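Here is the structure we will look at, set down as structure tokens.
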Amino acid sequence: MPCQPLHRLFYALRPPPAAASHLHDRCAWLRPAHRRVGPDRLHITLNILDDRPCLPLDLLAAMVAVGDAVAANPFRIIFDQLSGGRRSIVLRPSEKIAALHRFQRHLAEGLAHAGVETRRDARFSPHITLLHRGCSGFTEAVDPVSWRVEEFFLIESLVGWTRHVVRGRWPLDRRAS
């Protein structure tokens, strides 16, 4: 474990506790050597920034202001495909979730308007990482996991410490109508 972590800020959706516990338990068949993501760190990354050696408070304040300005309606998401590859096993939706993509774009536009640069190589591909390990590629249908998204988060990941700190939390409500 590094002495000092890198700081990574990102907006995310998190499954409610019951769904997070279900998703975590879904990976119980894997050997303990594989690094399952704890239920408290399961999320869908919406917009992510580059890692930094320290957390700039002005950047954090700008991201909080963007979150404060968001007005969006709740929406439902459904994840029903398990995919594995070189670095991880993830849960994905088999069909595009239009409301999720609109919401992600809305946040991206807010960040751009505030002058906050997101990670250059980041491309929005909705998924929930269940565990970190390499494997040969696969995709298979699984029983769907679904929930109604009613809030979003600003998370600071302490990279190298496998720890997330919630820096902002906003409800989705009917103000967007």
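All figures in this text were calculated on a predicted structure; none of them were measured in a lab.
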Per-pair distances, 0.1 Å, donor-acceptor, side chain in residues 38-64, under 3.5 Å, sequence neighbours excluded:
unit_1, atom_1, unit_2, atom_2, d
His43, ND1, Arg41, O, 2.8
His43, NE2, Thr45, OG1, 3.1
Asp51, OD1, Arg8, NE, 2.6
Asp51, OD1, Arg8, NH2, 3.4
Asp51, OD1, Arg119, NH2, 3.2
Asp51, OD2, Arg8, NH2, 2.9
Arg52, NH1, Asp50, O, 3.0

Decide whether Val145 and Ile77 are clustered together by the hydrophobic rule: side chain heavy atoms of Ile, Leu, Val, Met, Phe, Trp, Tyr closer than 4.5 Å, transitively.
yes
Can you confirm if the aromatic rings of His164 and Phe10 lie within a centre distance of less than 6.0 Å?
yes
Residues passing the side-chain contact (heavy atoms from CB on, under 4.5 Å) test with Arg102, sequence neighbours excluded, are Ala98, Ala99, Arg105
What is the ring orientation for Phe75 with Phe103, classed by angle as parallel under 30°, tilted 30 to 60°, or perpendicular over 60°?
tilted
Quick check: closest heavy atoms across Phe79 and His127, and the distance to 0.1 Å?
CE2-CA, 3.9 Å
Establish whether Leu131 and Val142 are linked, either directly or via other cluster members, by ILVMFWY side-chain heavy-atom contacts under 4.5 Å.
yes
Through direct or indirect side-chain contacts below 4.5 angstrom among Ile, Leu, Val, Met, Phe, Trp and Tyr, which residues connect to Val90?
none
If you apply the rule side chain to side chain contact (heavy atoms under 4.5 Å, CB included), what do you find for Phe124 with Leu100, and how did you get there?
CA-CA 10 Å; Phe124 184 57; Leu100 173 59; 3.9 Å; yes
So CG of Leu91 and CG of Asp80: to nearest 0.5 Å the spacing works out to 7.5 Å
When rounded to the nearest 0.5 angstrom, what is the spacing between CD1 in Ile97 and CZ in Arg92?
12.0 Å
For residues Val149 and Ile128: do they belong to one hydrophobic cluster (side chain heavy atoms under 4.5 Å, members Ile, Leu, Val, Met, Phe, Trp, Tyr)?
yes
May I ask you to test the Val70-Trp170 pair for a side-chain heavy-atom distance under 4.5 Å?
no
Given side chains that start at C-beta, do those of Arg148 and Pro16 come closer than 4.5 Å, heavy atoms only?
no
Heavy-atom pair with the smallest gap, counting every atom of Tyr11 and Gly67:
OH-N, 3.7 Å
Mind listing the closest non-hydrogen atom pair of His7 and Leu158 along with its distance?
ND1-CD2, 3.5 Å
Would Phe152 end up clustered with Leu154 when hydrophobic side chains under 4.5 Å apart are linked, directly or stepwise?
yes
Within the structure provided, determine whether Ser83 and Thr139 are in side-chain contact (heavy-atom separation under 4.5 Å).
yes
Group every Ile, Leu, Val, Met, Phe, Trp and Tyr by side-chain heavy-atom contacts under 4.5 Å, then state whether Leu9 and Ile155 land in the same group.
no
Might you confirm whether atom CD of Glu140 has over 12 heavy atoms from other residues, nucleotides or ligands at distances under 6.0 Å?
yes
